[in-house]
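Chain letters run A, B, ... following the sequence lines, proteins first, then strands; residues in each count from 1.
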Number of protein chains: 2
Amino acid sequence: MVDKYITADRCDCEVIHEDVVNSVRTKMPKEETLYDLAELFKVFGDSTRIRILWALDEAEMCVCDIAYLLNMTQSAISHQLRVLKQAKLVRNRREGKVVYYSLDDEHVKMIFDQGLVHINEDK
Amino acid sequence: MVDKYITADRCDCEVIHEDVVNSVRTKMPKEETLYDLAELFKVFGDSTRIRILWALDEAEMCVCDIAYLLNMTQSAISHQLRVLKQAKLVRNRREGKVVYYSLDDEHVKMIFDQGLVHINEDK
DNA sequence: TAGATATATGAATAGCTGCTCATATAAAAA
DNA sequence: TTTTTATATGAGCAGCTATTCATATATCTA
């Protein structure tokens, strides 16, 4: 069951299934990719941003529309829209004083739907 | 272009496209659902947890294996495994002193893959 | 039994994050 | 031009979170 006795720098235990670990290690994407993935999900990990994205999936809206819809301040929404823009999840266009935001990624809804599948599983 | 002039409690602006907002409002999932969705993505929004999940997607591993693989302390991994278990993303089984963890949701990989599609888009 | 080992967990803390508030900027209207 | 309005943004702060450290618990071994 147990293969070898090794001690890693940080891991403060000794029983390690080295063949399993080595096998998994070769299959892991590189650190940077997983870091980027976590950063993306971090953006999804806030209900305000989730609500904004969901709303924009239904229709293009201006900042004021979104603030009104979610009953939040314009400033709070504007800050979050910046986060979403940096993550390349939304784009905007200016029309006079009004700035309209819309979704910039057709995968967002698919990711959300997969998440909902998990949530709706009763285990 | 602009439909009506309204002022919401929090929104500190006046120009609102009321028909758009109302239409979107009827299509939005209920608040609780979107909150739960954000909570799920919050779990994915940490590179340590992402790496653990990815590793467990390759093979069942004990706490020590994971700590060794990721070069982190057993305690840090154990704390994160608890978070993942509470989110029903991993399960465990005990075999003597050793506790083995494995994925508890086949959608995780699909969600990750969708996320990677977004990341790999060069815009 | 006592000792060793794998894991779990509570407390403490440093760093992060989302909001508020005040203010800046941009564009239209007066 | 000045005023008004929509949006953007920096500073500050309260709350959260991921890790560390110490220790508890569970199980096997001697």
Report the distance from atom [atom1] of [X] to atom [atom2] of [N], rounded to the nearest whole Å.
X	N	atom1	atom2	result
B:I77	C:dA8	CD1	P	11 Å
B:L81	D:dT17	CG	P	18 Å
A:Y35	D:dA18	OH	C1'	13 Å
B:K85	C:dT7	NZ	P	14 Å
B:N92	D:dT25	CG	P	19 Å
B:I66	C:dT7	CD1	P	9 Å
A:Y100	D:dA8	OH	P	13 Å
B:R93	D:dT27	CZ	C1'	15 Å

Which letter, B, S or -, goes with each nucleotide of nucleotides 19-28 of chain C from 5' to 3', with contact meaning a protein heavy atom under 4.0 Å? SBBB----BS
Distance test, side-chain N/O of A:R82 to OP1/OP2 of D:dT9, below 4.0 Å: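 Yes, within the criterion.
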If only atom types and distance count, is the side chain of [X] paired as donor or acceptor with the main-chain N or O of [Y] below 3.5 Å?
X	Y	answer
B:D105	B:L89	no
A:R51	A:I66	no
B:N120	B:L116	yes

With respect to B:R82, which candidate in B:Q86, B:Q80, B:K85 satisfies the side-chain contact (heavy atoms from CB on, under 4.5 Å) definition?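 Going through the options one by one, the only one that passes is B:Q86.
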Has B:K27 got its NZ or CZ under 6.0 Å from the middle of the six-membered ring of A:W54, at an angle within 45 degrees of the ring axis?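 No cation-pi geometry.
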Check: B:H107 ring centre within less than 6.0 Å of B:F112 ring centre: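 Ring centroids of B:H107 and B:F112 are no less than 6.0 Å from each other.
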By nearest nucleotide on DNA chain C, pick out whichever of B:V99 and A:E39 is the more 5' one.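 Of the two residues, B:V99 wins.
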